2 protein chains.
Amino acid sequence: MKTNKKYKSDALAALHESMEGLHRSGVITKKTMREFDRSCLEDVPDLTPEEIKALREREYVSQPIFALYLNVSKNLVSDWERGVKKPGGPALRLLNIIKKQGLDAILSG
Amino acid sequence: MKTNKKYKSDALAALHESMEGLHRSGVITKKTMREFDRSCLEDVPDLTPEEIKALREREYVSQPIFALYLNVSKNLVSDWERGVKKPGGPALRLLNIIKKQGLDAILSG
DNA sequence: TTGAAATATCACACTTTGTGTGATATTTTT
DNA sequence: AAAAATATCACACAAAGTGTGATATTTCAA
């Protein structure tokens with residue numbers, strides 16, 4: 001099913017919103033809220049150069065356009081795909097968002 | 001209305017998907033696709049230290065948790081909010097996604 | 001109210017991501 | 001065949017981002 005594919009993340013997003021509501025209503029403590037987030041957000045998996053290139057091609061965009069989405073220079077995308085440089089913290093998070101939710105998740109203009 | 005608030009970005013996302021479909025069917029050229037993306041993605045607005053802090057507090061999370069979402073160190077978030085350092089390309093993109101779509105847009109575990 | 005735990009501010013040395021320019025090669029379009 | 005878009009490659013450089021560790025402040029539970 002198509003809906004099942006995104007079920008897990010949708011459920012988590014809904015849960016997080018519920019937690020916020022509970023916290024604002026004073027039903028749960030900040031600490032509980034914190035620990036909930038921590039358990040949800042842990043690891044941001046690394047991506048190999050090949051995976052990055054495959055990800056970009058899956059979305060049918062060129063390196064310059066991919067760079068535009070990520071707000072980095074086009075040369076950096078090239079470097080990632082050839083293994084010359086590795087995406088840092090925020091870039092890795094973006095790439096994983098794209099991997100799981102698609103490029104459209106970034107379309108917010 | 002609640003739906004109107006997100007209308008613009010939702011419409012863009014839907015449009016982008018349609019464009020992809022049209023391109024795969026050979027109806028439109030790659031060039032048209034490229035120019036479409038370029039026009040959608042242009043500027044990623046800067047955020048002042050105050051805006052970053054306000055954004056984080058709007059989402060009811062601490063600096064360490066916010067850092068977890070962005071996949072950066074907690075000290076860096078502190079530096080951003082005090083104006084000691086400024087978020088770079090990918091981090092800025094993430095912050096703007098959070099600003100427009102909320103922290104949940106990043107929840108993908 | 002006392003004390004522990006979570007947060008936030010600050011310093012500092014260090015790494016390397018990310019930028020910018022410019023050149024060349026390859027591919028894609030017209 | 002020419003033109004335009006892409007992709008690979010080489011540098012020098014700025015500054016983003018890391019990690020440790022210390023201190024102050026706030027928050028919360030006992």
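Throughout, a chain's letter reflects where its sequence line sits, starting with A, and its residues are numbered from 1. Everything numeric here is computed off the predicted structure, so don't read it as measured data.
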Checklist entry - When the distance from CG of A:Leu94 to P of C:dG18 is rounded to whole Å, what number comes out? => result 10 Å
Next on the checklist: Closer than 3.5 angstrom, by distance alone: can the side chain of B:Arg58 be matched with the main-chain N or O of B:Lys53 as a donor-acceptor pair?
Outcome noted: no
Item to check | Distance, rounded to the nearest Å, where A:Ile52 contributes CD1 and D:dT8 contributes P | outcome: 13 Å
Next on the checklist: Does D:dA5 have its OP1 or OP2 closer than 4.0 Å to a side-chain nitrogen or oxygen of A:Gln63?
Outcome noted: no
Checklist outcome for this item: A:Glu81 CD to C:dT26 C1', in whole Å, measures 15 Å
Checklist entry - In terms of side-chain heavy atoms of A:Lys85, which of C:dT17, D:dA7, C:dA8 is nearest? => result C:dT17
Checklist entry - Can you tell me how far P of D:dA16 sits from CG of B:Leu95, to the nearest Å? => result 13 Å
Checklist entry - Between B:Arg93 and C:dG18, does any side-chain N or O lie under 4.0 Å from OP1 or OP2? => result no
Checklist entry - More 5' along DNA chain C: B:Arg56 or B:Pro90, using each one's nearest nucleotide? => result B:Arg56
Next on the checklist: Measure CD/A:Glu57 against C1'/D:dA7 and give the value in whole Å, please.
Outcome noted: 11 Å
Item to check | A:Leu47 side chain reached by A:Pro87 side chain, heavy atoms, under 4.5 Å | outcome: no
Item to check | Any donor-acceptor N/O pair, A:Asn96 side chain to A:Pro45 backbone, under 3.5 Å | outcome: yes
Checklist entry - For A:Val44, does its backbone N or O pair with a side-chain atom of A:Arg93 as donor and acceptor, under 3.5 Å? => result no
Checklist entry - Which residue lies toward the 5' end of DNA chain D, B:Ala91 or B:Asn75, if each is placed at its nearest nucleotide? => result B:Ala91
Checklist entry - OP1 or OP2 of D:dG17 less than 4.0 angstrom from a side-chain nitrogen or oxygen of B:Trp80, does that happen here? => result yes
Next on the checklist: Check this one for me: any side-chain N or O of B:Ser78 less than 4.0 Å away from OP1 or OP2 of C:dT9?
Outcome noted: yes
Checklist entry - Is the backbone of B:Pro49 close enough, under 3.5 Å, to the side chain of B:Arg82 for a donor and an acceptor to pair up by distance? => result no
Item to check | Rounded distance (Å) that lies between atom P of C:dT16 and atom NZ of A:Lys86 | outcome: 9 Å
Checklist entry - Between atom CG in B:Asp46 and atom C1' in D:dA16, what is the gap in whole Å? => result 14 Å
Checklist outcome for this item: When rounded to whole Å, the CG to C1' distance for the pair A:Leu76 and C:dT16 reads 11 Å
Item to check | Any B:Arg82 side-chain N or O less than 4.0 Å from OP1/OP2 of C:dC10 | outcome: yes
Checklist entry - With distance as the sole criterion, do the side chain of B:Lys74 and the base of D:dT18 form a donor-acceptor contact below 3.5 Å? => result no
Checklist entry - Just checking A:Gly88: base, sugar-phosphate only, or nothing, at a heavy-atom cut-off of under 4.0 Å? => result sugar-phosphate
